[in-house]
Structure formats: structure tokens, C-alpha cells
Amino acid sequence: MFDKGKRARRQNEDDKVFNRMLLWLAAAVVLELLLLMLQKAYVEMTFSAPVAKGLLEFFKIFNIAGVVLLAGCAVWAVLFARSGKPVALPAILAAASGALWVVSLVCRFIYPDGVRVLMLFPAGGAVLIVIFFLYQRPFFYNAALTCGGLLAVWLHKQYYMNHPRLITACIVGGVVVLALAAALAFQLRRNDGALGRIRVLPPESNYFMTWLTCGVTAVVMVLALVLGVSASQYLLYVLAGWLFAQAVFFTVKMM
């Protein structure tokens, strides 16, 4: 009887996790459809030229208004956190404002390729969602870092000739993020996976794979910048292979 009740509770928990994963995947699909509509209206002008012009004016305004909204929501969240109130609403509004601000910047300054680049994020996000719910937390963070490197190398391959300064800035910024991620892993290791009061990783997490991921991804990104566009295709295979190797490693750990 006890085992049967335990199995029922475990099944109920698994169903809840699966349903949450489906909701996040549905959100990724909706976001992809919205970006597809933006591609049709803003780039291809399927509906009408005034609609595309109106979107451009909105992006110009939100390039500034988005920063103000993001800062205001961040202050709102900090004030709520200090007073002990729930920060879910200001955090959600801050995330939405930040995302829309990034979209407005990309659509305005990387025309017409910006929307096509943005359409990669929901697809990549869907993969990360599955990893988050099915695998250990360390693999999710490692996969996010590796996918960021894949995106940077792919952008280098596709758009470096047209936007050399922007792509170079993206790769340099990505290397800085990887360095910060490696430093954060050291800090988490000293605190058994906790950052202050927040539990980021389980105490028994393998940080060596995270450091190795940061190193491999950073080296590949720098090599893409040094060796040129022709080498980026092969470097993409290197990062894809590394992501697959991590999937095998963490799958074996789950057995």
C-alpha cells in the first residue's frame, strides 16, 4: 500500500512537470508565430507599407522608452523585494520590457536580417526548455552557454561580411559572458551550489563540465573571429558535437 501511494505521488509530480514543459513549449510556438507575423508585416510588407512604417516608428520610440520601462520595473522589483512583497509581477514586466527593447533594437538597426535572426531564439529556447525539465540543472546551464556560442558562430558565418563590427562585438561580449559564467561556477562551488539564499545548482553538481564548456565555447568563438568566415562552418560542427557529448554524459549520469 505504501509503495502504491508513493508511485501515485511520483506519477502526479511527473505529470505536473510534463504539463509545465508543454506550457513553456506552447509559449515558444506562440512567440515564433508572432515573429513570423512581424517578418511578414515589417520586412516583406505583406499587409501594407503604412503598417511597416508604423512598426518602424514604434521601434524608434521604444529604443528609448524600453530602457526607461526596464529600469522602472527593476526599481519596482527591488522595492517590493525589500518590503517582502511578491516580485513576480514587476519581474515579468521587466523581462517583457527588456525582450521587446531588444527586438526593437534588432529590427531597427539590423534590417532586414534582424527578424530572421530573432526567429532562431524560440526554436533554441524550445530545446533548452526540454533540457531544463528532463535533465539535471547543470546540463541546462551548459547547454545554454553552448547554444549561445553556436548562435554567435552562426551569426559570424552568415552576417560578418555585412556587419563586421556588430558581429565582432557579439563575439567579444560572448567571451566576456563565458568568463563571468566560469567565475560564477567557482563561487557556486565554494557555496555548495547556492548564491546567497538562492539555490542555483544541487550541492553534488559537476562544475568541471561547466568550466570545460566555457573554455571550449570561448576558444571556438575566438577561432571563428581569427580564422574567418570560411572556418565558421566547421567550428559549428565542433560546438554541435560538444553539445551532443554533454547530452550523452548527463544521460549516463541519470541512469
Side-chain angles (χ1 to χ4, degrees), residues 21 24-25 28-29 31-32 35-36 39 43 102 106 110 112-185 201 205-255:
M21 183 179 70
W24 279 100
L25 290 175
V29 171
L31 183 57
E32 184 73 17
L35 289 173
L36 180 60
Q39 166 78 11
V43 178
V102 172
V106 172
I110 313 178
D113 300 317
V115 182
R116 299 190 186 100
V117 173
L118 290 172
M119 291 176 68
L120 296 174
F121 284 87
V127 174
L128 293 176
I129 287 167
V130 173
I131 292 174
F132 179 82
F133 284 102
L134 298 185
Y135 284 87
Q136 301 99 323
R137 194 70 60 85
F139 182 35
F140 168 74
Y141 290 125
N142 293 356
L145 294 172
T146 308
C147 288
L150 280 167
L151 177 62
V153 176
W154 182 83
L155 289 173
H156 180 270
K157 173 180 174 292
Q158 294 291 118
Y159 301 113
Y160 181 79
M161 302 304 294
N162 295 328
H163 307 283
R165 292 182 179 177
L166 178 62
I167 300 303
T168 300
C170 288
I171 291 180
V172 172
V175 172
V176 172
V177 170
L178 290 168
L180 293 175
L184 178 61
L201 293 174
S205 297
N206 188 324
Y207 295 95
F208 177 74
M209 289 296 293
T210 300
W211 295 325
L212 197 56
T213 296
C214 292
V216 169
T217 307
V219 168
V220 170
M221 292 169 62
V222 172
L223 285 176
L225 202 60
V226 172
L227 299 179
V229 175
S230 58
S232 296
Q233 179 69 42
Y234 305 100
L235 294 172
L236 284 172
Y237 296 145
V238 172
L239 283 181
W242 176 245
L243 184 60
F244 176 76
Q246 291 183 84
V248 173
F249 174 81
F250 284 99
T251 300
V252 171
K253 283 192 64 177
M254 292 176 62
M255 295 180 179

Rounded to the nearest 0.5 Å, how far does [atom2] of [Y] lie from [atom1] of [X]?
X: T217; Y: L150; atom1: OG1; atom2: CG; result: 8.0 Å
X: H156; Y: Q233; atom1: NE2; atom2: CD; result: 13.0 Å
X: Y207; Y: L201; atom1: OH; atom2: CG; result: 5.0 Å
X: L31; Y: L36; atom1: CG; atom2: CG; result: 11.5 Å
X: S232; Y: L223; atom1: OG; atom2: CG; result: 10.0 Å
X: N142; Y: M209; atom1: CG; atom2: CE; result: 6.5 Å

Quiz item: Residues in side-chain contact (heavy atoms from CB on, under 4.5 Å) with P164, at least two apart?
Solution: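 Residues passing side-chain contact (heavy atoms from CB on, under 4.5 Å) with P164: Y160.
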Self-check item: With sequence neighbours excluded, residues passing side-chain contact (heavy atoms from CB on, under 4.5 Å) with V106
Solution: V102, I110, L118
Quiz item: Which pairs with one or both residues in residues 218-246 pass salt bridge (Lys or Arg N to Asp or Glu O under 4.0 Å), sequence neighbours excluded?
Solution: none
Quiz item: Any salt bridge (Lys or Arg N to Asp or Glu O under 4.0 Å) pairs touching residues 115-126, not counting sequence neighbours?
Solution: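 Listed once each, the pairs are D113-R116.
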Would you say the side chain of [Y] lies within less than 4.5 Å of the side chain of [X], judging by non-hydrogen atoms?
X: L120; Y: W154; answer: yes
X: L155; Y: I171; answer: no
X: Y159; Y: L166; answer: no

Using every non-hydrogen atom in the two residues, find where [X] and [Y] come nearest and quote the distance to one decimal.
X: A123; Y: E32; answer: N-OE1, 4.1 Å
X: A126; Y: A28; answer: CB-CB, 4.4 Å
X: P112; Y: V43; answer: CB-CG1, 3.7 Å
X: C214; Y: L145; answer: SG-CD1, 3.8 Å
X: A185; Y: T210; answer: CB-CG2, 4.1 Å

Exercise. Could you please spell out the steps behind the side chain to side chain contact (heavy atoms under 4.5 Å, CB included) verdict for M221 and L178?
Key: CA-CA 11 Å; M221 292 169 62; L178 290 168; 3.9 Å; yes
Exercise. Kindly indicate, with the supporting measurements, whether the criterion side chain to side chain contact (heavy atoms under 4.5 Å, CB included) is fulfilled by Y135 and T251.
Key: CA-CA 8 Å; Y135 284 87; T251 300; 3.0 Å; yes
Practice problem: Going by the side-chain contact (heavy atoms from CB on, under 4.5 Å) test, name the single residue among L180, V222, L225, V219 that passes it with V175. | Solution: V222
Self-check item: ring-ring contact (aromatic ring centres under 6.0 Å, His included) contacts in which one or both residues fall within residues 231-255, not counting sequence neighbours
Solution: F139-F250
Practice problem: Determine, stepwise, if the pair N162 / I167 fulfils side chain to side chain contact (heavy atoms under 4.5 Å, CB included). | Solution: CA-CA 9 Å; N162 295 328; I167 300 303; over 6 Å; no
Quiz item: More than 12 foreign heavy atoms under 6.0 Å from CH2 of W24: is that the case here?
Solution: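 12 or below, so no.
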Quiz item: Residues two or more places apart in sequence or in another chain: which of them pass salt bridge (charged side-chain N to carboxylate O under 4.0 Å, His left out) with R137?
Solution: none
